[in-house]
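Before any comments, here is the structure.
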There are 2 protein chains.
Amino acid sequence: MEVKTKQQGIKVVADVLDIIGGKWRGPILSYICDKPRRFNELKSILGRITSATLSKELRYLEELRMIERVEIRTETSSAYEYRMSQHGKSIKTLIQHVVEWGLQHRRVVLEEEIIP
Amino acid sequence: MEVKTKQQGIKVVADVLDIIGGKWRGPILSYICDKPRRFNELKSILGRITSATLSKELRYLEELRMIERVEIRTETSSAYEYRMSQHGKSIKTLIQHVVEWGLQHRRVVLEEEIIP
DNA sequence: TGTTTAGGTATGAAAAAAGATACCTAGTAA
DNA sequence: TTACTAGGTATCTTTTTTCATACCTAAACA
């Protein structure tokens with residue numbers, strides 16, 4: 001499968017940005033990437049997010065097959081955790097590319113501000 | 001310059017997504033990447049964008065040093081065009097990575113829908 | 001048995017992004 | 001001289017996102 005038209009390429013980019021974009025989805029993925037996380041754990045790491053928003057974002061990422069919600073059971077109790085899907089893990093490389101470019105961009109913009 | 005903390009990494013990603021995200025900035029960059037474009041040219045290629053929005057987005061991308069607004073003069077007349085800055089051109093590679101991942105993502109999601 | 005905790009949902013308000021519409025200015029063309 | 005075109009700006013409305021607040025259920029705890 002390849003990109004055949006400009007329109008299609010633009011659409012593919014928009015779809016990807018929809019996954020990692022927005023105020024919370026990047027950070028959420030980033031924390032779940034490190035290790036599986038529970039709802040309230042995410043909520044407290046993220047700080048200012050509300051339950052409603054976190055819940056909505058998690059369900060959306062699940063629907064996109066980026067993460068999975070799994071029940072974890074011990075003898076005495078059970079709980080849920082969110083973890084990256086096999087496919088979801090592959091976004092880590094992409095994000096590394098984004099970070100690299102971002103750092104380069106920052107250097108360029110800072111330079112131009114200092115030496116105008 | 002490297003990423004030292006998770007917070008910083010998240011910030012870098014957010015900054016990059018702010019550049020290529022939103023409804024129009026990706027498409028605008030994409031068309032200017034191909035070749036320098038004039039205001040009304042962009043407006044008509046993009047289709048449903050208003051002058052106000054296009055103008056705002058272009059000024060923002062200029063401020064970010066991604067594009068440059070340059071006057072082009074012939075003997076008889078003058079006009080303006082928008083072109084990628086030297087630095088801005090480097091985003092092309094990043095976008096290629098995004099497209100590649102996006103295509104892979106699409107394959108995964110389609111597969112799972114067909115074979116549940 | 002009553003209370004706390006995990007993991008949420010429901011509803012409406014506020015803020016941010018995008019759109020519609022009207023208008024402006026400088027240059028050129030007729 | 002009048003009208004047209006390029007390249008916008010100004011203002012207000014609509015839509016989309018995010019936030020605040022209150023509430024709910026099931027399980028575990030004391």
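Quick note on labels: first sequence line is chain A, next is B, and so on, each numbered from 1. In this text, all values refer to a predicted model and were calculated from it rather than measured experimentally.
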Legend entry - Contact nearer the 5' end of DNA chain D, comparing B:R38 with A:D18: B:R38

Inset, instruction - Among D:dC19, D:dG7, C:dG19, find the nucleotide with the atom closest to the side chain of A:T53. - result: D:dC19

Inset, instruction - Assign A:S51 to base, sugar-phosphate, or nothing according to its heavy-atom contacts below 4.0 angstrom with the strands shown. - result: base

Legend entry - Closest nucleotide among D:dG7, C:dA6, C:dA18 to the B:R69 side chain: D:dG7

Legend entry - B:L46 CG to B:S30 OG distance, which is reported to the nearest 0.5 Å: 9.0 Å

Inset, instruction - Determine whether more than 12 heavy atoms belonging to other residues, nucleotides or ligands lie under 6.0 Å from atom CD of A:E71. - result: yes

Legend entry - Any donor-acceptor N/O pair, B:S85 side chain to B:E68 backbone, under 3.5 Å: no

Legend entry - Residues A:E57, A:R25: salt bridge by 4.0 Å N-O rule: yes

Inset, instruction - Describe the nucleic acid contact of B:R25 in one word from base, sugar-phosphate, nothing, applying a heavy-atom distance below 4.0 Å. - result: nothing

Legend entry - Selected nucleotide, minimal atom distance to A:K23 side chain, candidates D:dA20, D:dA6, D:dT18: D:dT18

Inset, instruction - Take atom CD of B:E57 and atom P of D:dT9, then tell me their distance rounded to the nearest Å. - result: 13 Å

Inset, instruction - Side chain of B:A52 only, please: which of C:dA20, D:dT18, C:dG8 is the nearest? - result: C:dA20

Inset, instruction - Round to a whole Å and report the spacing from CG of A:L58 to P of D:dT18. - result: 14 Å

Inset, instruction - Starting from P on C:dT5, measure out to CD on A:E41 and report it in whole angstrom. - result: 17 Å

Inset, instruction - Walk me through it: do A:I19 and B:W101 pass the test side chain to side chain contact (heavy atoms under 4.5 Å, CB included)? - result: CA-CA 12 Å; A:I19 296 174; B:W101 188 87; 3.8 Å; yes

Inset, instruction - Provide, to the nearest angstrom, the distance between the NZ atom belonging to A:K56 and the P atom belonging to C:dT9. - result: 12 Å

Inset, instruction - Could you tell me whether the phosphate oxygens of D:dT17, OP1 or OP2, come under 4.0 Å of any side-chain nitrogen or oxygen in A:W24? - result: no

Inset, instruction - Using whole Å, report how far NZ of B:K43 lies from C1' of D:dA6. - result: 11 Å

Legend entry - Value in whole Å for how far the P atom of C:dT9 lies from CD1 of A:I49: 13 Å

Legend entry - Listed nucleotide nearest any side-chain atom of A:S55, set C:dT9, D:dG7, C:dA18: C:dT9

Inset, instruction - Please state how far atom CZ in A:F39 lies from atom P in C:dT9, giving the value in whole angstrom units. - result: 7 Å

Inset, instruction - To the nearest Å, give me how far apart CZ (A:R59) and P (C:dG8) are. - result: 9 Å

Legend entry - B:Y80 side chain, from C-beta outward: closest of D:dG7, C:dG19, C:dA6: D:dG7

